[in-house]
Q: 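My structure is below; once you've seen it, I'll send some questions.
Quantities reported herein were computed from a predicted structural model and do not represent experimental measurements.
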Amino acid sequence: MQTTFTIQTNGPGLTEFTDDVAAWLPAGSGLLTLMVRHTSASLLIQENADPEVQADLRAFLARLVPPTTDPSMSYLTHTYEGPDDMPGHIKAMLLPTSLSIPVVEGRMALGTWQGLYLVEHRDRSHRREIAAMLISDA
């Protein structure tokens with residue numbers, strides 16, 4: 001089975017899409033692979049109980065890789081798509097762009113507080129595509 005999920009983002013941050021994937025899964029078991037089809041976004045399995053976790057992750061990423069307008073990033077040459085573009089590519093290089101998740105009896109084998117997130121690294125909103133493939137054990 002395969003599909004594509006389209007996620008609308010609102011600028012930098014984490015957008016949870018766990019429920020979208022859960023609704024798509026069939027009753028069986030297998031291995032789910034997800035891959036974001038963009039070079040300035042990432043995928044994470046992360047805590048979905050306390051929104052402060054997402055705010056702290058976003059703040060950490062902004063501090064780790066600031067925009068090209070920051071003096072510490074003056075060495076970057078790919079700047080014509082805006083000050084957030086090359087930093088977005090760097091963040092996508094540091095974070096996963098694909099995930100593999102076991103599916104058992106139609107449910108992702110996630111932990112109690114885990115959710116699936118698309119991480120947007122650009123400043124403006126985007127429509128991001130996530131390719132999904134489920135390899136069934138049946």
Side-chain angles (χ1 to χ4, degrees):
M1 275 180 60
Q2 61 187 35
T3 194
T4 301
F5 295 97
T6 301
I7 309 293
Q8 180 66 47
T9 68
N10 296 312
L14 287 80
T15 302
E16 187 172 7
F17 65 102
T18 311
D19 291 342
D20 297 332
V21 175
W24 172 73
L25 291 172
S29 298
L31 183 64
L32 172 65
T33 300
L34 302 170
M35 185 196 79
V36 63
R37 297 171 40 128
H38 304 276
T39 60
S40 55
S42 303
L43 297 175
L44 287 179
I45 296 174
Q46 195 47 255
E47 178 178 330
N48 64 358
D50 185 350
E52 287 181 348
V53 171
Q54 296 154 36
D56 287 347
L57 290 171
R58 181 178 167 198
F60 173 76
L61 286 172
R63 185 174 179 179
L64 181 67
V65 186
T68 59
T69 53
D70 187 288
S72 68
M73 303 300 273
S74 63
Y75 64 92
L76 295 176
T77 58
H78 177 74
T79 59
Y80 57 88
E81 291 183 54
D84 65 326
D85 186 48
M86 190 60 215
H89 294 303
I90 293 170
K91 292 172 188 175
M93 176 187 73
L94 297 173
L95 297 174
T97 56
S98 65
L99 301 171
S100 294
I101 304 157
V103 174
V104 180
E105 297 177 4
R107 296 179 56 132
M108 290 177 283
L110 295 172
T112 302
W113 307 114
Q114 289 183 319
L116 304 176
Y117 289 90
L118 170 72
V119 186
E120 177 62 65
H121 301 306
R122 298 295 306 269
D123 288 341
R124 62 182 177 84
S125 60
H126 285 84
R127 288 175 52 88
R128 301 298 195 175
E129 292 183 350
I130 300 168
M133 178 171 279
L134 178 66
I135 300 172
S136 175
D137 66 356

Q: Can you tell me how far apart CD1 (Ile130) and OG1 (Thr97) are? Round to the nearest 0.5 Å.
A: 11.0 Å

Q: Around Trp113, counting heavy atoms of other residues, nucleotides and ligands shown, do more than 12 lie under 6.0 Å from its CH2?
A: no

Q: Taking the side chain as everything from C-beta on, heavy atoms only, tell me whether Arg58 gets closer than 4.5 Å to Gln54.
A: no

Q: Side chain to side chain contact (heavy atoms under 4.5 Å, CB included) for Leu25 and Met108? Distances and angles first, verdict last.
A: CA-CA 8 Å; Leu25 291 172; Met108 290 177 283; 3.6 Å; yes

Q: Checking side-chain polar atoms at under 3.5 Å, does Ser29 have a donor or acceptor matched by the opposite partner on Arg107?
A: no

Q: So how far is it from Asp84 CG to Thr68 OG1, rounded to the nearest 0.5 Å?
A: 8.0 Å

Q: So which heavy atom on Arg127 is nearest to which on Gln8, and how close?
A: CG-OE1, 2.8 Å

Q: Heavy atoms only: give me the nearest Ser42-Ala92 pair and the separation to one decimal.
A: OG-CA, 3.4 Å

Q: Taking the side chain as everything from C-beta on, heavy atoms only, tell me whether Pro96 gets closer than 4.5 Å to Leu43.
A: no

Q: Are Leu61 and Leu99 connected in a single hydrophobic cluster, I mean Ile/Leu/Val/Met/Phe/Trp/Tyr linked by side-chain heavy atoms less than 4.5 Å apart?
A: no

Q: Within the structure provided, determine whether Arg128 and Glu120 are in side-chain contact (heavy-atom separation under 4.5 Å).
A: yes

Q: Going from CG on Leu32 to OG on Ser136, what distance comes out if it is rounded to the nearest 0.5 angstrom?
A: 12.0 Å

Q: Give the cluster check for Leu116 versus Met1: same hydrophobic cluster or not, with ILVMFWY residues linked at side-chain heavy-atom distances below 4.5 Å.
A: yes

Q: Is the shortest heavy-atom distance from the side chain of Pro66 to the side chain of Pro87 under 4.5 Å?
A: no

Q: Shared ILVMFWY cluster between Tyr75 and Leu64, side chains joined below 4.5 angstrom?
A: yes

Q: Measure the spacing between CG of Leu14 and OG1 of Thr9 and express it to the nearest 0.5 Å.
A: 11.0 Å

Q: Would you name the heavy atoms of Gly28 and Val103 that are closest together and state the gap between them?
A: O-CG1, 3.7 Å

Q: Can you spot which of Leu95, Thr39, Leu94, Asp85 makes a side chain to side chain contact (heavy atoms under 4.5 Å, CB included) with His121?
A: Leu95

Q: State yes or no: do Leu57 and Val119 share one hydrophobic cluster built from I, L, V, M, F, W and Y residues joined by side-chain heavy-atom distances below 4.5 Å, directly or via other members?
A: yes

Q: Is the CG atom of Asp50 crowded by more than 12 outside heavy atoms at less than 6.0 Å?
A: yes

Q: How far apart are the C-alpha atoms of Ile101 and Leu31, what are their side-chain angles, what is the distance that settles it, and do they pass the side chain to side chain contact (heavy atoms under 4.5 Å, CB included) test?
A: CA-CA 6 Å; Ile101 304 157; Leu31 183 64; 5.8 Å; no

Q: Could you state the interatomic distance from CD (Gln114) to CD (Glu16), rounded to the nearest 0.5 Å?
A: 11.0 Å

Q: If I take atom CZ from residue Phe17 and atom OH from residue Tyr117, how far apart are they, to the nearest 0.5 angstrom?
A: 10.5 Å

Q: In terms of hydrophobic clusters joined by side-chain contacts under 4.5 Å, are Met73 and Phe60 together?
A: yes

Q: Would a 4.5 Å heavy-atom cut-off, applied to side chains only, mark Leu134 and Pro26 as touching?
A: yes

Q: Decide yes or no for Asp123 and Pro12: does some side-chain heavy atom of the first lie under 4.5 Å from some side-chain heavy atom of the second?
A: yes

